[in-house]
Amino acid sequence: MYSRIVRRCMIPVTAAGLLFMAGCGSNTGAADALSAPVEQKVYDISGDYSRLDIQADLADIVIQPGAAASMEVSLESGYEMEQVIEDDTLYLTERDRQPFWQKIFHFRSVHNSVVITLPENVIEELVVSSGVSDINISGQKIHSISVKESNADVILSDCEGNDIQIENTNGDVKLQNITADLKAELQNGNFQLLDSSGSSLYT
């Protein structure tokens with residue numbers, strides 16, 4: 001998993017004739033010491049929709065099978081997962097609600113995670129897009145699955161459907177026990193396809 005570091009350059013401040021500037025660096029030791037409060041909640045996401053669209057930049061996404069549709073979140077203070085239903089689609093979107101000044105004067109790791117549990121026959125289409133967070137999908141039987149990743153890893157296991165599409169710019173892709181027409185695009189990283197079958201495969 002790639003380290004998710006939120007980098008912000010501090011604004012130059014003049015005081016008593018002196019100019020102080022704190023630049024962006026990569027020393028994460030002191031930054032990690034400034035830990036933020038983490039809020040954990042479980043939400044019931046059952047409802048009348050057949051399409052699920054998840055968007056997250058910093059939160060690791062796990063989608064797993066289960067008896068009831070739910071979302072368990074572990075988010076640092078200032079972040080939330082917004083829930084909106086429109087046109088037969090449930091949109092789950094990670095939002096950064098931190099104050100403006102905190103976004104500017106901020107340099108540390110962010111540790112957010114979202115676990116989605118889905119029973120069978122709840123949705124027909126799953127769309128997941130992410131920035132620098134890992135995506136792990138398992139045990140899903142869905143007509144269509146689409147995953148777009150920028151800078152982290154994608155893992156799919158024990159999934160079945162008519163159409164599965166994976167796009168990853170910079171990270172690893174591992175697909176195991178997949179039954180579907182599969183299209184996978186990977187620009188930089190390792191690709192693994194294990195124990196999978198389908199009428200077509202494009203990589």
Side-chain angles (χ1 to χ4, degrees), residues 1-11 22 24-49 51-86 89-119 122-123 125-140 142 145-157 168 170-171:
M1 181 182 73
Y2 289 80
S3 176
R4 298 187 302 281
I5 305 297
V6 179
R7 293 180 171 86
R8 302 285 191 269
C9 291
M10 298 179 69
I11 297 177
C24 294
S26 59
N27 184 2
T28 61
D32 286 336
L34 302 174
S35 59
V38 175
E39 184 176 24
Q40 295 181 327
K41 287 186 176 181
V42 178
Y43 299 90
D44 179 3
I45 59 171
S46 59
D48 187 17
Y49 59 88
R51 184 176 183 270
L52 178 59
D53 188 310
I54 305 171
Q55 300 180 33
D57 286 328
L58 300 174
D60 288 337
I61 301 296
V62 175
I63 301 176
Q64 63 185 13
S70 66
M71 175 175 67
E72 180 179 352
V73 301
S74 178
L75 303 175
E76 293 189 2
S77 177
Y79 294 90
E80 69 176 17
M81 287 299 291
E82 181 184 72
Q83 303 180 49
V84 176
I85 295 182
E86 291 182 358
T89 299
L90 172 60
Y91 294 93
L92 301 176
T93 307
E94 183 185 27
R95 299 295 188 188
D96 185 351
R97 305 297 192 189
Q98 297 180 92
F100 176 74
W101 63 267
Q102 191 171 348
K103 294 180 182 180
I104 296 176
F105 298 97
H106 178 73
F107 173 68
R108 58 176 175 76
S109 297
V110 175
H111 304 285
N112 293 339
S113 66
V114 177
V115 178
I116 307 292
T117 301
L118 295 174
V122 169
I123 61 173
E125 183 177 359
L126 172 64
V127 178
V128 185
S129 59
S130 174
V132 292
S133 53
D134 292 339
I135 298 173
N136 191 324
I137 302 174
S138 64
Q140 300 302 310
I142 300 174
I145 299 177
S146 175
V147 177
K148 292 185 179 181
E149 176 65 82
S150 295
N151 291 287
D153 299 336
V154 176
I155 300 175
L156 265 70
S157 59
N168 197 355
N170 186 29

Between the main-chain N or O of D153 and the side-chain N or O of D134, is there a donor-acceptor pair closer than 3.5 Å? yes
Output for pair (Q55 CD, Y91 OH), nearest 0.5 Å, gives 8.5 Å
| query | Between V147 and I145, is a side-chain contact (heavy atoms from CB on, under 4.5 Å) present by the stated rule, with each step listed? | reply | CA-CA 7 Å; V147 177; I145 299 177; 4.1 Å; yes
Are the side chains of V84 and T93 in contact, using a 4.5 Å heavy-atom criterion? no
Between S70 and V42 the two heavy atoms that sit nearest each other are CB-CG1, 4.4 Å
Is there a side-chain contact between V154 and I137 (heavy atoms, below 4.5 Å)?
no
Looking only at heavy atoms, the pair that brings S138 and P65 closest together is O-CD, 3.2 Å
Exercise. If we only count heavy atoms from C-beta on, is the E76 to H111 side-chain gap below 4.5 Å?
Worked result: yes
Value for CD1 (I135) from NZ (K148), rounded to nearest 0.5 Å, stands at 11.5 Å
Taking every heavy atom of S133 against every heavy atom of A56, the minimum-distance pair comes out as OG-O, 3.8 Å
Heavy-atom distance under 4.5 Å between the side chains of E125 and Y49, does that happen here?
-> no
Would you check if L118 and L52 make a side-chain contact, meaning some heavy-atom pair closer than 4.5 Å? yes
Nearest heavy-atom approach of E80 to L75 is CA-CD1, 3.5 Å
What one should report as the nearest heavy-atom pair of A69 and D44 is O-OD1, 3.3 Å
- Are any side-chain N or O atoms of D57 and backbone N or O atoms of V132, one a donor and one an acceptor, separated by less than 3.5 Å? no
Query raised in the report: For the side chain of E94 and the backbone of Y79, is there at least one donor-acceptor N/O pair under 3.5 Å apart?
Result: no
The reported gap from CD1 in I116 to CD1 in I45 (rounded to nearest 0.5 angstrom) is 4.5 Å
Note to self: Check whether Q64 reaches the backbone of V115 with its side chain - one donor and one acceptor, N or O, closer than 3.5 Å.
What the structure shows: no
- Are L58 and D96 close enough that some pair of their side-chain heavy atoms sits under 4.5 Å apart? no
With heavy-atom distances below 4.5 Å as the criterion, would you say the side chains of V114 and L92 are in contact? no
Taken to the nearest 0.5 Å, the spacing of R51 CZ from T89 OG1 works out to 4.5 Å
Taken to the nearest 0.5 Å, the spacing of E39 CD from S74 OG works out to 9.5 Å
Tightest non-hydrogen contact, residues S113 and A59, listed as N-CB, 4.1 Å
Taken to the nearest 0.5 Å, the spacing of R95 CZ from M81 CE works out to 9.5 Å
Please step through side-chain contact (heavy atoms from CB on, under 4.5 Å) for the pair I54 and L126, ending with a clear verdict.
CA-CA 8 Å; I54 305 171; L126 172 64; 4.3 Å; yes
